[in-house]
2 protein chains.
Amino acid sequence: MAGKPARRATGGAALPPEDARTLPARLFAILDAFTRPAPAVSLSLTAISERSGIPLSTTHRLVGEWVTWGGLTRQADGRYTLGLRLWELGMQTPTTRTLRTIALPYLEDLYEATREHVHLAILDGHDALYLEKLSGHRPVHVISRVGGRLPLHSTGVGLVLLAHAPNDVIHEYLSQALQRFLPGTITEPEELRRRLAGIRTLGIAVMSEEMTAGSSSIAAPIRDRTGMVVAAVSVVTRTTAGVEHDHEQAVQAAAQGISRALGYRRAVAARG
Amino acid sequence: MAGKPARRATGGAALPPEDARTLPARLFAILDAFTRPAPAVSLSLTAISERSGIPLSTTHRLVGEWVTWGGLTRQADGRYTLGLRLWELGMQTPTTRTLRTIALPYLEDLYEATREHVHLAILDGHDALYLEKLSGHRPVHVISRVGGRLPLHSTGVGLVLLAHAPNDVIHEYLSQALQRFLPGTITEPEELRRRLAGIRTLGIAVMSEEMTAGSSSIAAPIRDRTGMVVAAVSVVTRTTAGVEHDHEQAVQAAAQGISRALGYRRAVAARG
DNA sequence: GACGCGCTTCCAGTGAGTGGAATCCCCGAC
DNA sequence: GTCGGGGATTCCACTCACTGGAAGCGCGTC
């Protein structure tokens, strides 16, 4: 076993830019420049060079390679943006594609039934990665974004995903300092652990004012044919709305519908 | 001027794999192996090596680089699939992101109003690139796919996009041999040219049985604040359904709604 | 009109990348 | 239990593709 000195990146952050010694690493660092330190829509050549820590002339050449392939696009003003080909390939990634295709109709139903923000997320590293989001015309007072990440302990989908994650993931997650976003955010490991247990028992998570003031969230787990939790759906509402119970049922119905479409059969669940 | 022997790829096809001499080109060829010659969800190392024309041991190393970064994922069975990071970055590409976010609510409305397949596409190279698709629970009897491409002359969105494309694009497109999918497919350049003119005048395209037997399509153009056509919406129905007129209005309403949301004001349109 | 900033091009030196070959590993067949 | 084979992995000396400082260019600004 072993071999390489294992430099795997767990979540999506980490990795100082200076690691970019080899050519492939440098190519990737160029794309990462659009995400880190802060997401950017467009960057100038110099900015890319600075963010990625690659000498200007080298950056120039490598950016050229990306543009030729379509991974970066050069705008009229000379600045660069991420290119369509990335999007095209991204749409082919299997989890994303299957899950999204299967789930979308149910999410639409859920949206129609509740008229609230509807989310679909999966666990990636130590974050909830948002695969889909329907919001209708209402002003977007939530911070989630398709393709974006949010912490596990302060979002509805996050808690559901964490509750059903392998033990070592839960352990790892709880052993780090958890950020408090609002007074209501739970950051104490033991309390969180109890809460996760509750979520596992109830099959649903209900949160209020833990990430964004004025909004609550109801989330439920989605299982595949092996019974494993692979994603979570949620509905996020203004806290004032008092129709939560109806929403709970709608969220659970959606989660169950998607699970069933993925091949999950309650009876078969845990063991064959 | 000049310099490099200009090896730009126009559409998304072309480029024989042998062009992969430089390291960046090879890295890209590895990703392209998942698209070409035919889309593949997962590939073995050997398969990647063959499809990309890169020697096995080199492929091995480069695939390793992709995996480290997250552009490829190694499955339990040892095969590789495109990785989540591609999807994540793909969701950040500006056209895609802005257009999708703004258009989605209108597409949802359109879907609710018609209960038919709803499409959103843009022009990329010589193809219609599908950005979004809502289908409800009905069986997918259409071939479009989010992230997929279809020809311009045989789809509703395609015709609309072509009709409003720059003259040189229209010229280029019409000077190639056009594939006939069904007896109804128009492949004669002059006829197509007249048809494009009609679409520009009417502001809407209606097609029947030109790509897939038994389905029709109604499409309308979406403009941005400069008045340029940047995308197209369509509704695809079974040909039997006789409610086309209602649908025409609904499609146009959606297209206008999105255009307005993008900052388009009718009056400002063509010239300042 | 000339200064400066950011982008582009050049080119000689060299170390990162190459890939054929040997090895390992997993399975299925006998 | 042993053999055979296809795929994945590792190795390493050679060499050529990549590097990056420096010079050149284009354009907006003072």
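The model shown is predicted, which means the values in this text are computed figures rather than measured ones. Every chain is numbered from 1, with letters handed out A, B, ... down the list of sequences. As a basis for the values below, the full set of heavy atoms in this structure was taken, side chains included, without hydrogen atoms, waters or symmetry mates.
Residues passing the salt bridge (Lys or Arg N to Asp or Glu O under 4.0 Å) test with B:Glu132 are A:Arg100, B:Arg100, sequence neighbours excluded. For A:Thr73, the side chain to side chain contact (heavy atoms under 4.5 Å, CB included) partners are A:Thr81, not counting sequence neighbours. Listed by chain and number, the residues in a side-chain hydrogen bond (donor to acceptor under 3.5 Å, both in side chains) with A:Arg223 amount to none (sequence neighbours excluded). Taking A:Ser57 as the reference, nothing meets the side chain to side chain contact (heavy atoms under 4.5 Å, CB included) condition, with sequence neighbours excluded. Here B:Phe34 pairs with B:Leu43, B:Ile48, B:Leu72, B:Tyr80, B:Leu82 under the side chain to side chain contact (heavy atoms under 4.5 Å, CB included) rule; sequence neighbours left out. With sequence neighbours excluded, no residue satisfies side-chain hydrogen bond (donor to acceptor under 3.5 Å, both in side chains) with A:Thr59.
To the nearest 0.5 Å, atoms CZ (A:Arg26) and OG1 (A:Thr58) are separated by 5.5 Å.
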Extract from the structure each pairing of a protein N or O with an N or O of nucleotides 21-27 of chain C at less than 3.5 Å, listing the distance.
none

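Regarding B:Leu43, its CG atom lies at a distance of 20 Å from the P atom of D:dG6, rounded to whole Å. Rounded to whole Å, atom C1' of C:dG17 lies 14 Å from atom CG of A:Leu27. Atom CD1 in A:Ile54 sits roughly 17 Å away from atom C1' in D:dG21 (whole-Å rounding). C:dT18 atom C1' lies 14 Å from atom CG of A:Leu23, rounded to whole Å. Rounded to whole Å, atom P of D:dA8 lies 14 Å from atom CG of B:Leu72.
For the side chain to side chain contact (heavy atoms under 4.5 Å, CB included) criterion with A:Tyr130, the lone passing option out of A:Thr155, A:Leu120, A:Ile122 is A:Thr155.
Side-chain proximity of B:Thr46 to the nucleotides D:dG7, C:dG17, C:dT8 is greatest for D:dG7. Looking at the side chain of A:Leu56, the nearest of the listed nucleotides D:dA8, C:dT8, D:dC18 is C:dT8.
Place A:Pro24 and A:Arg74 on DNA chain C by their nearest nucleotides, and A:Arg74 ends up nearer the 5' end.
Side-chain N/O atoms of B:Arg26 include none lying less than 4.0 angstrom from OP1 or OP2 on C:dG17.
Against DNA chain D, the stretch residues 58-66 of chain B makes heavy-atom approaches under 4.0 Å through B:His60.
Here side-chain hydrogen bond (donor to acceptor under 3.5 Å, both in side chains) pairs that include residues 161-171 of chain A, with residues two or more places apart or in two chains, number zero.
B:Arg79 comes within 4.0 angstrom of nothing in the nucleic acid, heavy atoms only.
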